[in-house]
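Both ligands and their constituent atoms are indexed starting at 1 by order of listing. Just so it is clear, the values below take in all heavy atoms, side chains as well, and ignore hydrogens, waters and symmetry mates.
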Amino acid sequence: MSRLDSAIRRLQAQRVCLDWAVAEIAARPGPVLELGLGNGRTYDHLRDRLPGWEIFVFERQVAAHPDCIPEDRYLFEGDIRDSLPSALAPLRGRAVMAHCDIGTGDTALTAVLSAFIGPALAPLLAPGAVVVADQALTIPGCRPVPLPDRVNPGRYHLFRLDEA
Ligand code: SAM
């Protein structure tokens with residue numbers, strides 16, 4: 001498979017998983033978390049699918065397309081290792097969905113960051129919240145959810161926090 005094929009499949013899987021999660025939470029509005037703004041593609045997709053919802057974005061250094069930059073009150077700028085814990089006060093137990101897309105070319109660094117994110121993300125989630133992730137996270141209290149048919153195993157990851 002060429003790198004182009006692989007990139008296209010990854011983006012297709014990402015969109016299928018995001019749309020699955022959006023359908024899951026449609027009837028239970030609440031804050032949505034976007035970890036990794038990048039150039040803003042998936043943030044823009046969530047905005048489009050969830051108009052009017054609160055989407056809180058976590059990004060080390062904003063460099064997104066100018067149309068895809070959240071208002072300051074929805075932006076946690078800085079290293080996720082600092083900003084996720086700082087979001088506990090306003091968001092503890094409230095997020096109905098999180099999308100984690102923090103992978104970079106540095107596999108070792110991404111693994112270390114993923115190991116941090118699982119436990120740090122869990123206390124922000126509402127019971128029954130769904131998590132869509134580019135990495136195989138270990139999130140206390142969450143179980144993996146089977147992927148939609150069109151997504152190959154390992155291409156993307158879905159989790160759900162147990163109901164209380
Ligand atoms: N979802 C984005 C999109 O669709 O455009 C792509 C996100 S990109 C793959 C990963 C992003 O995670 C980068 O913008 C990077 O700056 C961010 N990131 C990586 N490690 C981070 C960290 N420790 N703290 C905050 N942001 C981080």
Side-chain angles (χ1 to χ4, degrees), residues 1-25 31-51 53-91 95-125 129-140 145 147-148 150-152 154-159:
M1 188 190 308
S2 73
R3 290 181 69 84
L4 177 61
D5 290 333
S6 179
I8 289 171
R9 287 196 189 187
R10 179 180 177 280
L11 292 176
Q12 286 175 330
Q14 190 177 50
R15 184 177 58 186
V16 168
C17 290
L18 288 175
D19 288 346
W20 172 88
V22 163
E24 286 290 309
I25 65 166
V32 171
L33 312 182
E34 168 81 337
L35 278 57
L37 179 65
N39 66 24
R41 273 193 305 243
T42 51
Y43 169 66
D44 190 45
H45 190 74
L46 290 173
R47 260 191 332 191
D48 179 75
R49 297 294 199 266
L50 297 168
W53 287 46
E54 290 188 307
I55 304 174
F56 292 89
V57 175
F58 297 77
E59 170 56 51
R60 180 167 36 212
Q61 190 171 19
V62 173
H65 186 280
D67 290 346
C68 300
I69 297 177
E71 293 173 37
D72 282 353
R73 63 193 164 123
Y74 294 117
L75 180 61
F76 288 85
E77 192 166 10
D79 195 297
I80 279 175
R81 284 166 285 201
D82 301 318
S83 58
L84 264 187
S86 79
L88 270 175
L91 292 171
V96 296
M97 173 182 168
H99 173 224
C100 176
D101 187 19
I102 48 78
T104 62
D106 189 329
T107 312
L109 208 61
T110 299
V112 170
L113 188 58
S114 300
F116 169 84
I117 285 177
L121 179 60
L124 300 175
L125 302 174
V130 291
V131 178
V132 180
D134 67 333
Q135 307 296 320
L137 302 177
T138 301
I139 312 169
V145 176
L147 292 166
R150 285 171 291 160
V151 181
N152 288 332
R155 181 71 66 174
Y156 231 66
H157 306 273
L158 298 173
F159 308 90

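- In terms of N/O distances under 3.5 Å, ligand 1 is approached by Thr42.
- Of all the heavy atoms of Leu113, the ones lying under 4.0 Å from any atom of ligand 1 belong exclusively to the side chain.
- Ligand 1 has an N or O atom lying under 3.5 Å from an N or O atom of Asp101, backbone or side chain.
- In terms of N/O distances under 3.5 Å, ligand 1 is approached by Gly40.
- Aromatic ring pairs are classed by plane angle as parallel below 30°, tilted from 30° to 60° and perpendicular above 60°; the pair Phe56 and Tyr74 is perpendicular.
- For the residue pair Tyr156 and Ala13, the shortest heavy atom distance occurs at CB-CB, 4.5 Å.
- Listed here is the closest heavy atom pair of Leu84 and Ala120: CD1-CB, 3.8 Å.
- With Gly36, Gly103, Cys68, Gly38 as candidates, the residue nearest to atom 9 (C) of ligand 1 on a non-hydrogen basis is Gly103.
- Closest to atom 16 (O) of ligand 1 by heavy atom, among Glu59, Arg60, Arg41, is Glu59.
- Considering only non-hydrogen protein atoms, atom 23 (N) of ligand 1 sits nearest to Asp79 OD1, 3.3 Å.
- Salt bridge annotation for Arg47-Asp44: present, with a cationic side-chain nitrogen under 4.0 angstrom from a carboxylate oxygen.
- Between Phe159 and Val145, the shortest heavy-atom distance links the atoms C-CG2, 3.6 Å.
- Every atom of ligand 1 with a heavy atom of Gly78 under 4.0 Å away is listed here by number and element: 24 (N), 25 (C).
- At least one N/O-N/O distance between Asn39 and ligand 1 falls below 3.5 Å.
- Residue contacts with ligand 1: Ile80 is placed with a nitrogen or oxygen under 3.5 Å of a nitrogen or oxygen of the ligand (distance criterion only).
- Listed by atom number, the atoms of ligand 1 under 4.0 Å from Leu37 heavy atoms are 2 (C), 3 (C), 5 (O).
- Closest of all the heavy-atom pairs between Phe76 and Ser83 is CB-CB, 3.9 Å.
- By the 6.0 Å contact criterion, CG on Asp106 is enclosed, its count of non-hydrogen atoms from other residues, nucleotides or ligands being greater than 12.
- Nearest heavy atoms, Met1 versus Arg9: CE-NH1, 3.4 Å.
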